[in-house]
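First the structure, in the form of structure tokens, and then the observations on it.
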Amino acid sequence: MLFLLFHNNWLFCLDWALVLSTLNEVRTGEDQQNFSQVWNGCWLHIHFGVISDMCGLIAVAGSSNSALETFAGLMNLQHRGQDGAGILTVDSKKSGGFHLQKGSGLIENVFSERSFKNLTGAAAIGHARYATIGRDDPNLLQPFLDYETGIGLGHNGNIVNFYSLRDEILQKSVLRVPLNSDSALILKLITDSIGSQKVTTDSIFKAIKVAMDKLVGSYSIVCLTRGGDIFGFRDPNGIRPLVFGNKTTAEGDKVWAIASETIALNFLEYENIEEVKPGEAIYISAGGKVTRQMIKPDSYSPCMFEWVYFARVESEFGNQSVYEARFRLGLILAERIKSLGIEADIVVPVPETSRVAAVALAEGLQLPFRELLIKNRYINRTFILDGQQSRQEAIRRKLFPIAAEFKDKRCIIVDDSIVRGNTAKQIVRLIKQAGAKEVTLVSSCPPISNPCYYGIDFPSAAELVAHNKTEEEVAADLGCDRIVFQTVQGLKDALEQASLCTGCLTDTYPTDIDSGREFETRRLQDRNDDRALAPAKHSSC
């Protein structure tokens, strides 16, 4: 039965059977708090209306504990998104088939023991959200679900030509419907291409090709079908990561999974882990049949920031360990500091992701390594917080120096990267107040001086501390005695990749960014940035 609803001049067409079956999952007690999130999940089968974000993804097929496995995988991807999470399962034995739960906050607070009594089925997808805007709105949480076609989707990345594609789709649409998310746009491209066809490997691969031919930007995708199949695909440049693997249970069942990082699959004891190649799609049926197809390969240009900052140190991309890459970044920096004739007494990391590079740098310089900036573990990553004021307040709560150990010392402070300069400025101030004789700030990443259009949250060059500035000017802005950045060549040598996305460093991007200026302006508006003239409604993953 269909239910028509008019809201703010928009027409929504809801499958009431889905609404009732989904709301039936809400019970008494602690589940009451999830009522609004469950209701919001009922909207999503219309393919429209919410946003996407940089995030963590996982899909599982063939496991009687698919939701629990997805939950455990998401826990190991929590660093990729702390704003909210969702799990979608499918169970042919239950009314409605799909079961969806989402919530704002950390993963362990979104799901309870009761959740897994409701999230039944042998296949599931999960999403941990890091949003660039709309951080507090539960409507913006993934996975998304098109109930009519029977496909759920989770997305990591950003579509640069979102606005032009959205206008094109809406001009052809019979109903005047909102389409405010690049993730929703991807889902719509797929479902529109399938239309009334049966969801099969062939129809999905053809639909993915249609989407890839239109999309410009970064996207790693995991999907779930009503039949219990899962599939995933990666953009032609492989900008965002995606891996898959399998394992055999004690009962002899074969289980498959697709995820953002190897750490999620390693923790769950999957084997034979491989990367989904750029432009490749992989389809895993409920019966365990695996089909791979190269849809639209281009150049392998993974985001350098995955190794430098975003990924867990235990993960591996492009046959390159994140740990080893960060260690080499430190060794290369040590040689640069020697060549500059800089002297120091101690090397101190900014926790957490700079620790490995700082250890290597200290070894290379034969200096004492000291952890003297103590992190409050209950404060989340400030880089992915929303808004300048929020980030600055969190920084003050996040780190505190052991003052006596800094007094009268020449200090090398190692950070993984310097983006807006908020953390660096506060740290330098704290260390100088502690009595340090000299502060040399070292970044294991080269100067970030251009926007990222692919899902990392610095859409405007104007907010980047290194934009159009020399090292001396950046050092003056941050209050340190000097600053030493990694070189672009040093970065490439450390990561040992034939090609990388270094657009934010070099202003040379792996895709066309003609739509980038409009994208930059509109996303800043969406984030209610101080420079925005008016709010709009779009986000990227």
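The figures here come from the full heavy-atom set of this structure, side chains too, leaving out hydrogens, waters and symmetry mates. As the structure is a prediction and not an experimental result, all values here were calculated from the model.
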V442 and its side-chain contact (heavy atoms from CB on, under 4.5 Å) partner, picked from I413, I337, V348 | I337
Would you kindly say whether Q489 and D493 are connected by a side-chain donor-acceptor distance under 3.5 Å?
-> yes
Note: P241 and N156 closest approach over all heavy atoms is CD-ND2, 4.3 Å
Can you tell me if S499 and S299 form a side-chain donor-acceptor pair at under 3.5 Å?
-> no
Any side-chain donor paired with an acceptor under 3.5 Å for S321 and E316?
-> no
L367 side chain near D345 side chain, heavy-atom distance below 4.5 Å = no
If you look at every heavy atom in S449 and A461, which pair is closest and at what distance?
-> O-CB, 4.1 Å
Is the closest side-chain donor-acceptor distance between D416 and T353 under 3.5 Å?
-> yes
Roughly how far, to the nearest 0.5 Å, is CD1 of I58 from CD1 of I258?
-> 10.0 Å
May I ask you to decide if L165's main-chain N or O and N161's side chain share a donor-acceptor pair within less than 3.5 Å?
-> no
Do the non-hydrogen side-chain atoms of Q101 and I87 ever get within less than 4.5 Å of each other?
-> no
Is a donor on one side and an acceptor on the other found under 3.5 Å between the side chain of D415 and the backbone of S443?
-> no
Give a yes or no on whether the backbone of L141 and the side-chain of K102 come within a donor-acceptor separation of less than 3.5 Å.
-> yes
Any sub-3.5 Å donor-acceptor pair from D512's side-chain atoms to D514's backbone N or O?
-> yes
Would you call the rings of Y219 and F233 parallel, tilted or perpendicular, where under 30° means parallel and over 60° means perpendicular?
-> perpendicular
Please check if atom NZ in K338 has more than 12 non-hydrogen atoms from other residues, nucleotides or ligands closer than 6.0 Å.
-> yes
Backbone N or O of A360 within a donor-acceptor pair of the E363 side chain at under 3.5 Å?
-> no
Is the shortest heavy-atom distance from the side chain of E275 to the side chain of L242 under 4.5 Å?
-> no
Identify the heavy atoms of L505 and P446 that sit nearest to each other, and give their distance.
-> CD2-O, 3.7 Å
Is it true that a side-chain atom of K492 and a backbone atom of Q497 form a donor plus acceptor pair closer than 3.5 Å?
-> no
In Å and rounded to the nearest 0.5 Å, what is the OG to CG distance from S104 to D83?
-> 8.0 Å
Is there side-chain contact between V356 and V313, with heavy atoms separated by less than 4.5 Å?
-> yes
Step by step, would you call I221 with I186 a side chain to side chain contact (heavy atoms under 4.5 Å, CB included)?
-> CA-CA 9 Å; I221 304 288; I186 295 169; 3.9 Å; yes
Does a donor on one side chain and an acceptor on the other come within less than 3.5 Å for H79 and E352?
-> no
Does R326 reach the main-chain N or O of W307 with its side chain, forming a donor-acceptor pair under 3.5 Å?
-> yes
Okay, side chain of R410, backbone of E438: is any donor-acceptor separation there less than 3.5 Å?
-> no
Give a yes or no on whether a salt bridge exists between K432 and D481, defined as a side-chain N under 4.0 angstrom from a carboxylate O.
-> yes
Apply the test side chain to side chain contact (heavy atoms under 4.5 Å, CB included) to residues L441 and I418: give CA-CA distance (whole Å), side-chain angles for both, the deciding distance (0.1 Å), then the verdict.
-> CA-CA 10 Å; L441 191 58; I418 298 171; 3.6 Å; yes
Would you check if there is a donor-acceptor pair between the side chains of Y270 and E69 at a distance under 3.5 Å?
-> yes
Inter- and intrachain pairs under salt bridge (Lys or Arg N to Asp or Glu O under 4.0 Å), touching residues 464-475, at least two apart = R336-E471, K469-D477
Enter the distance from K375:NZ to L373:CG here, rounded to the nearest 0.5 Å.
-> 12.0 Å
Are any of the side-chain heavy atoms of L372 and I346 separated by less than 4.5 Å?
-> yes
Which value, rounded to the nearest 0.5 Å, describes the distance between S417 atom OG and I448 atom CD1?
-> 4.5 Å
Output the distance between atom CG (L88) and atom OG1 (T70), rounded to the nearest 0.5 Å.
-> 9.5 Å
Distance-only donor-acceptor check, side chains R328 and Q320, under 3.5 Å | yes
Side chains of L57 and I125: does their closest heavy-atom pair fall under 4.5 Å?
-> no
For K409, does the NZ atom sit with more than 12 other heavy atoms under 6.0 Å from it, leaving out its own atoms?
-> yes
Output, in order, the C-alpha distance, side-chain angles, deciding distance and verdict of side chain to side chain contact (heavy atoms under 4.5 Å, CB included) for F369 and L361.
-> CA-CA 9 Å; F369 171 83; L361 187 146; over 6 Å; no
Mind telling me whether F71 and F116 have parallel, tilted or perpendicular rings, with 30° and 60° as the class edges?
-> perpendicular
List the atom of I402, the atom of F406, and the distance in Å for their closest heavy-atom pair.
-> O-CD1, 3.4 Å
Without swapping roles, check the side chain of Q142 against the backbone of G86 for a donor-acceptor pair under 3.5 Å.
-> no
Between H127 and L74, the two heavy atoms sitting closest are N-CD2, 3.6 Å
Please report the shortest heavy-atom distance between P278 and G238, naming the atom on each side.
-> CB-N, 3.7 Å
Step by step, would you call C445 with F485 a side chain to side chain contact (heavy atoms under 4.5 Å, CB included)?
-> CA-CA 6 Å; C445 179; F485 286 102; over 6 Å; no
First locate atom CZ of F310, then atom CD1 of I456, and finally report the distance between them rounded to the nearest 0.5 Å.
-> 5.0 Å
Under the 3.5 angstrom rule, does the side chain of R240 hit a backbone N or O of Y454 as a donor-acceptor pair?
-> yes
Close side-chain approach of E306 and R80, heavy atoms under 4.5 Å | yes
Side chains of S315 and T262: closer than 4.5 Å at any heavy-atom pair?
-> yes
